[in-house]
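To start, the structure under review is shown below, and the notes come after it.
Just so it is clear, the structure is predicted and the values come from calculations on it, not from any experiment. Scope of the values below: all heavy atoms of this structure, side chains included, with no hydrogens, waters or symmetry mates. Proteins come first, then strands; the chains are lettered A, B, ... in the order of their sequence lines, and each starts at number 1.
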Amino acid sequence: MTVRTRFAPSPTGYLHIGGVRTALFNWLYAKAHGGQFLLRVDDTDQQRNVDAALQPILDGFRWLGIDWDEGPEVGGPHAPYYQSQRGDKYQSAVEALLISGAAYRDFATTDEIQAERESAHQAGKQFTYSRRWMAETEEEAAAFISEGRQAVVRLKMPRTGELIHHDLIRGEVRFPWANEQDHVIQRVDKTCLYHLASVVDDADMQISHVIRAEEHLSNTPRQIFIAQSLGFLLPEYAHLPYVAEPGSKHKLSKRKLDKYLKNKDFAELKAHGERIAERLHLAVDSEVFNPVIVDFYQQIGFLPDAILNYLLLLGWSLDDKTEEFTRDEMIEHFSLERVNKAPASFDPQKLVAFQDRAMQKLPLKQKVAKVLPFLQTAGYIDNPPPCDTGPYLSQICEAAGDRIKIAGDILDYEDFFIADEKLQYDEKTLGKRLRNAVNAVQLLTEFRERLASVKAFDAATLEVKLKEFVAEKEIKIGEIVHAVRVAVTGKAVGFGLFETLAILGRERCLARIDRALQKVKS
RNA sequence: GGCCCCUUCGUCUAGUGGUCUAGGACACCGGCCUUUCACGCCGGCAACACGGGUUCGAGUCCCGUAGGGGUCACCA
């Protein structure tokens, strides 16, 4: 049997991090078994703008490298992959269900159903529809129609016994049929509802494994009922634990952003993102720009592999040690048997830790490539870039070492890209390290002359020269280093000082030192 | 509330009756390295929800309790 899995997003306009985890597991399972992964659009409930609301989701998956074998934009043998365009298939299924007696037309109004529901509730009893407005024959239907009533189609669910089914993750689960409702599968306007559509599509698209979030577990009995009534072969089911909020056991949702912001780590991540976004002149619409949405990570320069690696470990593990996986390793090792049952909460700090490690391992060339678009968007480098950009950026990334944790962090080092006369000085640091530091102005003035005359302006030579200077003057190295740093970068912190000087080059260093001295004296 | 699911350090997890004085990772706290920051290195703190069984022996099996969560639509 070919393994075929699917992810069925609703076109909501954004790709949720919890959804990515579910999609990832489906994708991995298909890949691990040489099968196919498909994307199907659950738009039975949407009216307009499906394309616009779907695009960010497709873009998100593309960016993450989660590709689909069949679905929107790529097509496939079971097209269309939009539920809104598959109405005829659902209609046939409804008719088949009606004929077999697994479903019936129901002429109750929503108020009447609601009244039954409420009286059951008040009596402290479980609601079971009386089927008073059920029509199983044409005569019954005609009578209701003559009253001006309209019909929906309901499932005629069993009311005794229980369903026992084996879930690949949860093991054997039992549901008494008596707890099930006669769910509506077709509305008055003849459009069909999710459960019917989902079951029909899964069968039609030959889905072998339905891997989805736990919240669907209680939907499974009615779906199995539909599938069996239609004579479909049942897929295997695997219900994943949901992804919980940072620091709680509630399901992660986009709606509660304000609440998550009270979580320190979550807020820090968002603030970090905003710092980058601000320099990119990006609008930070919190509908999209927040750490629950994939787009957030894309915009500030996370590595897709880091996100996937982190998400993989949210509810799954290989053993007691291995945490880092390449894509191929993920595919090789993934199995549903090792998926956990308990929900796992989203930990921004650990995500960031994966990002840090992935960035550290990224070869210099790739790091340069990741960082470049951010400098272009911020307006520091032209697009296309001048030909000396590559070497220059390589030097900077090399000197930056592990300081660039997210590609957008490059913007923290804008001082390498702005004109000397536009360099901003951090006043506090300037005061502490130059204006008010004993002898600092004098020392810097003298050291400037050494810089002006040193033959080779490279890091190694500069280090020797500075150490000579320190020895001669009998000062501590800190007395000159900090003054030089603030003079050439405007900041208190940065890369190694000698690398910084070498990258900027003699002229710019001297110009900046002069400007700083000027500023302090005036 | 009914039904269903879940329960090991703050967090993600390892653990399938003895090797568990419970292992790893992130975070946190010390220290080292150091021109700042970051990295790195060393060390530390920290958990089997509770109560009964079963067993020579239980984190691991059974029952109960508690807690948490999901779901109960002409949403998906």
Do A:R403 and B:C37 have a side chain to base donor-acceptor pair shorter than 3.5 Å?
yes

Hey, does A:F498 reach any base, or is it just sugar-phosphate, or nothing, if we go heavy atoms under 4.0 Å?
base

Enumerate the protein-to-nucleotides 13-15 of chain B contacts in which both atoms are nitrogen or oxygen and the separation is below 3.5 Å.
from	atom 1	to	atom 2	distance (Å)
B:U13	OP1	A:G315	N	2.6
B:U13	O3'	A:S317	OG	3.1
B:A14	OP1	A:S317	OG	3.0
B:G15	OP1	A:R338	NH1	3.1
B:G15	OP1	A:R338	NH2	3.3

Base, sugar-phosphate or nothing for A:G494? Non-hydrogen atoms, less than 4.0 Å.
base

Taking B:A73, B:C3, B:A25 as options, the one with an atom nearest any side-chain atom of A:P176 is B:C3

From CD1 (A:I396) to OG1 (A:T500), nearest 0.5 Å:
9.5 Å

Could you check whether A:R485 gets within reach of a base, just the sugar-phosphate, or nothing at all, counting any heavy atom under 4.0 Å?
base

Base, sugar-phosphate, or nothing: which does A:R212 touch, judged by heavy atoms less than 4.0 Å apart?
nothing

Could you give the CZ-to-P distance, from A:F495 to B:U36, as a whole number of Å?
16 Å

Under 4.0 Å between a side-chain nitrogen and a carboxylate oxygen: does that hold for A:D412 and A:R279?
yes

State which residues pass salt bridge (Lys or Arg N to Asp or Glu O under 4.0 Å) with A:D320; sequence neighbours excluded, sorted by chain then number.
none

Distance between C1' atoms of B:A14 and B:U19 (Å, rounded)
15 Å

Classify the nucleic acid contact of A:H216 as base, sugar-phosphate or nothing, counting any heavy atom under 4.0 Å across all strands shown.
base

Between atom CZ in A:R222 and atom P in B:C75, what is the gap in whole Å?
13 Å

Ionic contact status for A:E463 with A:K467, cut-off 4.0 Å:
yes

What is the separation between atom NZ on A:K350 and atom P on B:C9, rounded to the nearest whole Å?
14 Å

Paired with B:G2 by Watson-Crick or G-U wobble geometry, both distances under 3.5 Å: which nucleotide is it?
B:U71

In Å, rounded to the nearest 0.5 Å, how long is the span from CG of A:N179 to OG1 of A:T128?
8.5 Å

Which value, in whole Å, describes the distance between the C1' atoms of nucleotides B:C26 and B:C72?
38 Å

On a whole-Å scale, what distance lies between the P atoms belonging to B:G69 and B:C75?
27 Å

Between A:H482 and A:K405, just flag the one whose closest nucleotide in RNA chain B comes earlier from the 5' side.
A:H482

Minimum-distance nucleotide to A:H250 side chain [options: B:G69, B:A76, B:C6]
B:G69

In whole angstrom, give me the gap between the P atoms of B:G24 and B:C45.
12 Å

Atom CZ of A:R40 and atom C1' of B:A76: how far apart are they, to the nearest Å?
12 Å

Once you apply the 3.5 Å cut-off to both distances, tell me the Watson-Crick or G-U wobble partner of B:A76, or none.
none

Let's test this: given Watson-Crick or G-U wobble pairing with both distances under 3.5 Å, identify the partner of B:U55.
none

Does A:Q360 reach a base, just sugar-phosphate, or nothing at all? Heavy atoms under 4.0 Å.
sugar-phosphate

Closest approach to the side chain of A:K251, judged atom by atom: which nucleotide of B:U71, B:C74, B:C12 is it?
B:U71

May I have the step-by-step check of side-chain hydrogen bond (donor to acceptor under 3.5 Å, both in side chains) for A:D347 and A:Y310, ending in yes or no?
CA-CA 9 Å; A:D347 181 356; A:Y310 170 70; 5.6 Å; no

For B:U11, give its Watson-Crick or G-U wobble partner with both distances under 3.5 Å, or none.
B:A25

Using the salt bridge (charged side-chain N to carboxylate O under 4.0 Å, His left out) rule, take A:E323 and A:R357 through it: C-alpha gap first, then chi angles, then the decisive distance, then the call.
CA-CA 11 Å; A:E323 288 223 317; A:R357 281 197 295 228; 3.5 Å; yes

Would you measure the distance from the P atom in B:U16 across to the matching atom in B:C62 and give it in whole Å?
16 Å

5'-most contact on RNA chain B: A:L497 or A:N179, nearest heavy atom basis?
A:N179

Watson-Crick or G-U counterpart of B:C39, or none if no pair lies under 3.5 Å
none

Ignoring the backbone of A:K249, work out which of B:G68, B:C4, B:A76 is nearest its side chain.
B:G68

Would you classify A:V484 as touching base, sugar-phosphate or nothing, given that sugar-phosphate means primed atoms plus P, OP1 and OP2, and contacts are heavy atoms under 4.0 Å?
nothing

Contact class for A:H239 vs. all strands (heavy atom < 4.0 Å): base, sugar-phosphate, or nothing?
nothing

The side chain of A:D347 lies closest to which of these nucleotides: B:U36, B:G10, B:A76?
B:G10

Could you tell me the separation between the CD atom of A:E162 and the C1' atom of B:C4, rounded to a whole number of Å?
12 Å

Round to the nearest Å and state the distance from A:I185 atom CD1 to B:A76 atom P.
13 Å

Does the structure show a Watson-Crick or G-U wobble partner for B:G64, both distances under 3.5 Å? Name it, or say none.
B:C50

Flag the pair A:D201 and A:R6 as a salt bridge only when some basic side-chain nitrogen lies within less than 4.0 angstrom of an acidic carboxylate oxygen.
no

Under 4.0 Å between a side-chain nitrogen and a carboxylate oxygen: does that hold for A:K473 and A:E479?
no

What distance, rounded to whole Å, do you find between the two C1' atoms, one in B:G43 and one in B:U7?
32 Å

Have a look at A:V152 and say if it touches a base, only the backbone sugar-phosphate, or nothing, with a 4.0 Å heavy-atom cut-off.
base

Respond yes when some side-chain nitrogen or oxygen of A:S248 is under 4.0 Å from OP1 or OP2 of B:G68, and no when none is.
no

Remember a base hit wins even if backbone is also touched, and classify A:F346 as base, sugar-phosphate or nothing at under 4.0 Å, heavy atoms.
nothing

Proximity to the side chain of A:Q349 - top-ranked nucleotide from B:A27, B:G69, B:C74:
B:A27

Checking B:C4, B:A76, B:C37 against the side chain of A:V493 (C-beta onward), the nearest is B:C37

Can you tell me the distance, in whole Å, between the CG atom of A:L311 and the P atom of B:A25?
22 Å

Atom P, compared across B:G51 and B:C12: separation rounded to whole Å
24 Å

Expressed in whole Å, how much space separates the C1' atoms belonging to B:C28 and B:U65?
34 Å

For A:R132, does the CZ atom have more than 12 heavy-atom neighbours from other residues, nucleotides or ligands under 6.0 Å away?
no

Flag the pair A:E116 and A:R131 as a salt bridge only when some basic side-chain nitrogen lies within less than 4.0 angstrom of an acidic carboxylate oxygen.
no

For the ring pair A:W68 and A:Y81, is the centre-to-centre distance below 6.0 Å?
no

Using the side-chain heavy atoms of A:E215, tell me which of these nucleotides is nearest: B:C74, B:U71, B:C5.
B:U71

Spacing between A:F266 atom CZ and B:G10 atom P, to the nearest angstrom:
22 Å

